Protein chains: 2
Amino acid sequence: MTTLPLSSRETARRRLLDALRREGPLARVEIGQHLGMSPASVSELTASLLDEGILVTEETSDPTGGLIRGRPKTRLFFAESLGSVIGVWTGFNRIELRLVDSAGRNRASRHVERPLRNLGSEELMDVLAQCISAFAEESGAHNVRAVGLACQGYVDTRDGIVAWSPVLGARDLPLASGLRERLGQPVLMENDASAMAFAIAQRNADLRSGRTACLMVGDGVGLGFLIQGELYRGARFGGSEFGHVRLRRSGPQCRCGGRGCIEAYLADYALHRDAQLIDHRPAPTLLLPGEEAMEAIVAQARAGDPALLNLFQAAGEVLGDAVGILIQTLEPDHIVICGPGTRAMDLLRPSFEAALEAQTIPELRALATIQVVESSIDLLTEGVVMQALRELDLDLARLKAA
Amino acid sequence: MTTLPLSSRETARRRLLDALRREGPLARVEIGQHLGMSPASVSELTASLLDEGILVTEETSDPTGGLIRGRPKTRLFFAESLGSVIGVWTGFNRIELRLVDSAGRNRASRHVERPLRNLGSEELMDVLAQCISAFAEESGAHNVRAVGLACQGYVDTRDGIVAWSPVLGARDLPLASGLRERLGQPVLMENDASAMAFAIAQRNADLRSGRTACLMVGDGVGLGFLIQGELYRGARFGGSEFGHVRLRRSGPQCRCGGRGCIEAYLADYALHRDAQLIDHRPAPTLLLPGEEAMEAIVAQARAGDPALLNLFQAAGEVLGDAVGILIQTLEPDHIVICGPGTRAMDLLRPSFEAALEAQTIPELRALATIQVVESSIDLLTEGVVMQALRELDLDLARLKAA
DNA sequence: TTTGTTTTATTCATCCTGTGAATAAATTAC
DNA sequence: GTAATTTATTCACAGGATGAATAAAACAAA
């Protein structure tokens, strides 16, 4: 992840390519309208992008059937020849993979069940590299240009280092360089909640204006924070570990070693573990339960199981407190609650809303819109792949400039 | 407060004038070194600033006494003729005023004891306007160009509206326009913690790089958050109401009407109130105690009063939790604890550090430097005045451009 | 005094970008 | 075939940043 300030040319270029990835093929006039650029500027920019072989003109088979007068649009889009990018997410005991072309269109995806916890760092990198190359091979990926990797924990996105992760058990793990050596590809890293936030904002223009706090609930709990559509970067160019804010002094145990973290109430592993405890099952594991197991718990709660209802009630309360803290601290314009955890939003909502109300000042609460976006892990690899693609766009531009 | 994106020219101009206000008179070469600009650009920029009458060349009385060879520097600085700006802070029962020239140098200051709580909005504006004009007159202010006003609460800095304030009891109060009508001057508004954060960052270059979270403890508790030296703006261009994050569900009463807010433990009024309660004094007020009263409480605690020590212990714990939340949410590069409340830092520190440690992940905690900056309310009016001056700089540039 | 040295400041030609206006191109409508 | 319409390019120009050359203002030394 480059962190140099972008020149105005680079910004324009990025905006243009972002718009194409979002909207699909566009004619030059349309690009101008989308971005508020003059036709002359668009012509100039696209000329060099065409020249560099990044874009190609589309063979227009005249889809309007001659209903529109005037010179027909020639739409521009990404050249197929540019190759592809692999996006990876390392979950608790699962690896999610996706292959996209340079336009960001899905080409293949799969997931692998494989616990990554407590592997040594060399072994971890071996396993990951092996999964990625196997996936590349089986999906017939040709000309892979980069790998984007999202994982839980605090990620130094500039250097591709996992500064801290509860899942990988890692401290300052130089994952990007380790995988680069093994795969021979540039590897770009991102925190997983950041990746999902980015993907969601790509689908909703509102979320790309102002400040958007995107709380992902699922495997863990993470926050992706966007300012004018770009990911917020903290120290060492990482995101946020909001999921490990400890709201309850003597709350349940968290994967991070602490107690009472937001995650320790809301994450799938936490709900699953606590549900097992209710049933007096032995030795609750910290492994990620499958979607079926979670659905079963939710169904049982919806059926009226009082102990489970209590669980969701407590989780909703924590969610309300969490969103309340975000509102009072950052005053975002938009708040998004997303991730697999939204499957139980109906169960969470009453206590969520009560806690949010108790936690926040009404006048400030009114400044933010809150929306729930159902989103699966797919969106996560989509986000990291998008970020990787933009990074490659930039590299190409700088390559040509030099 | 203008919120339009700045043109590159405007950015350069702002950086130049900021540097002059911080560093004092500078020669053109020195400006170039400070800002990493070419001599040609500096010459060009300063030429128009001199032309507009914003800067003047300094009459160099050759202070080096001829020890240095070569053409002597001609230093540039702000023209005296440009007039002055008044900075105001409205506290709980006190108004702080300051007059500065266009270079930001202090010309006069005073404070007025005057409770502002529970005044009607018209009356409030009358009182404020009257205080300000009396101050302008008595300090011999000539050619006042603007008033900068900092207050507690959520301030819409673009339109100068107090969206919410526990002190002024206001909801959507258009204070800036009301005062402008009464004073005939443009009035620029800012949240008080934001103003102090800005002032502190002007004095320490480190804090102007990366992300700085500046927690002001005093009359209330506020957060000023800086990204690359510029104030973070949330929805409606306000700052943060971090002081009203409710950390303890059944904690003490806060001025905002809630319970267990950070402020309800740490603010002067809270400590004073709780100290009175210990002594079984009747009817604890919410008025701001004077500095002497606070010093007395601190002295009594330092002398070993166990009940007071408990009070500071609880406050320190809340401070640690608060800083912990900031670290895990925003991963700032720098954290500053400032304001009059730092007077008791020795009493707060043990429980502060323990709570911080319990609240945060060591690897993440290590990413931020934490420093305590002793700072009085003076810095606050300094900050708001600085912001007002930069806004005027911008207006002047846009005036000339039109 | 004169000439050279040193440092500061300006000027100038140039590059880069972005834009409005004019022009060209490609199509439909009549 | 001509007019109308829409899309795309070209061109001249403006604004801003910069390196290089030049000018300016001092001191140092012969």
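Every chain is numbered from 1, with letters handed out A, B, ... down the list of sequences. Just so it is clear, the model here is predicted, and its values are computed rather than measured.
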Below 3.5 Å between N/O atoms, which protein atoms pair up with nucleotides 1-3 of chain C? Just atom names and distances, please.
none

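- Annotation: side chain to side chain contact (heavy atoms under 4.5 Å, CB included) contacts of B/Arg107 (sequence neighbours excluded): B/Glu80, B/Leu99, B/Asp101, B/Arg105.
- Legend: residues meeting side chain to side chain contact (heavy atoms under 4.5 Å, CB included) with B/Ala150, ordered by chain and number and at least two apart, are B/Trp89, B/Asp192, B/Ala195, B/Leu380, B/Val384.
- Between B/Ser8 and the phosphate of D/dG15, there is no side-chain N or O to OP1/OP2 separation shorter than 4.0 Å.
- Following rounding to the nearest Å, B/Leu50 (CG) and C/dT10 (C1') show an atom-to-atom distance of 13 Å.
- If you check residues 14-40 of chain A against DNA chain D, the residues with a heavy atom closer than 4.0 Å are A/Ala27, A/Arg28, A/Val29, A/Pro39, A/Ala40, listed by number.
- Residues satisfying the ring pair (Phe, Tyr, Trp, His ring centres under 6.0 Å) criterion with A/Phe225, sequence neighbours excluded, are A/Tyr232.
- Partners of B/His34 under the side chain to side chain donor-acceptor pair (under 3.5 Å) rule, at least two apart in sequence or in another chain, do not exist in this structure.
- Applying the side chain to side chain donor-acceptor pair (under 3.5 Å) test to A/Thr381 and every residue at least two apart in sequence or in another chain returns A/Arg98.
- Legend: residues meeting side chain to side chain donor-acceptor pair (under 3.5 Å) with B/Thr369, ordered by chain and number and at least two apart, are B/His334.
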Expected list for residues 44-55 of chain B: side-chain donor-acceptor pairs under 3.5 angstrom, two or more places apart:
residue : atom : partner : partner atom : Å
B/Glu44 : OE1  : B/Arg9  : NH1          : 3.2
B/Glu44 : OE1  : B/Arg9  : NH2          : 3.4
B/Thr46 : OG1  : B/Arg28 : NE           : 3.4
B/Thr46 : OG1  : B/Val42 : O            : 2.7
B/Thr46 : OG1  : B/Ser43 : O            : 3.0
B/Ser48 : OG   : B/Arg9  : NH2          : 3.3
B/Ser48 : OG   : B/Leu45 : O            : 2.9
B/Glu52 : OE1  : B/Arg13 : NH1          : 3.4
B/Glu52 : OE1  : B/Arg13 : NH2          : 2.7
B/Glu52 : OE2  : B/Arg13 : NH1          : 3.2

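- Interface remark: the B/Arg71 side chain does not form any donor-acceptor pair with the C/dT7 base, using a distance-only criterion of under 3.5 Å.
- Looking at residues two or more places apart in sequence or on another chain, you find a side chain to side chain contact (heavy atoms under 4.5 Å, CB included) between B/Ser81 and B/Ala79.
- The listed nucleotides are C/dA29, D/dC27, C/dG18; the one nearest the side chain of A/Arg69 is C/dA29.
- In the region residues 42-49 of chain A, proximity to DNA chain C at under 4.0 angstrom, judged on heavy atoms, holds for none of the residues.
- Rounded to whole Å, the distance from NZ on B/Lys73 to C1' on C/dT6 is 12 Å.
- By the side chain to side chain contact (heavy atoms under 4.5 Å, CB included) test, A/Ala368 is found to be paired with A/Ile335, residues two or more places apart in sequence or in another chain being considered.
- A/Ala12 and A/Met37 get closest at one heavy-atom pair: CB-CE, 3.7 Å.
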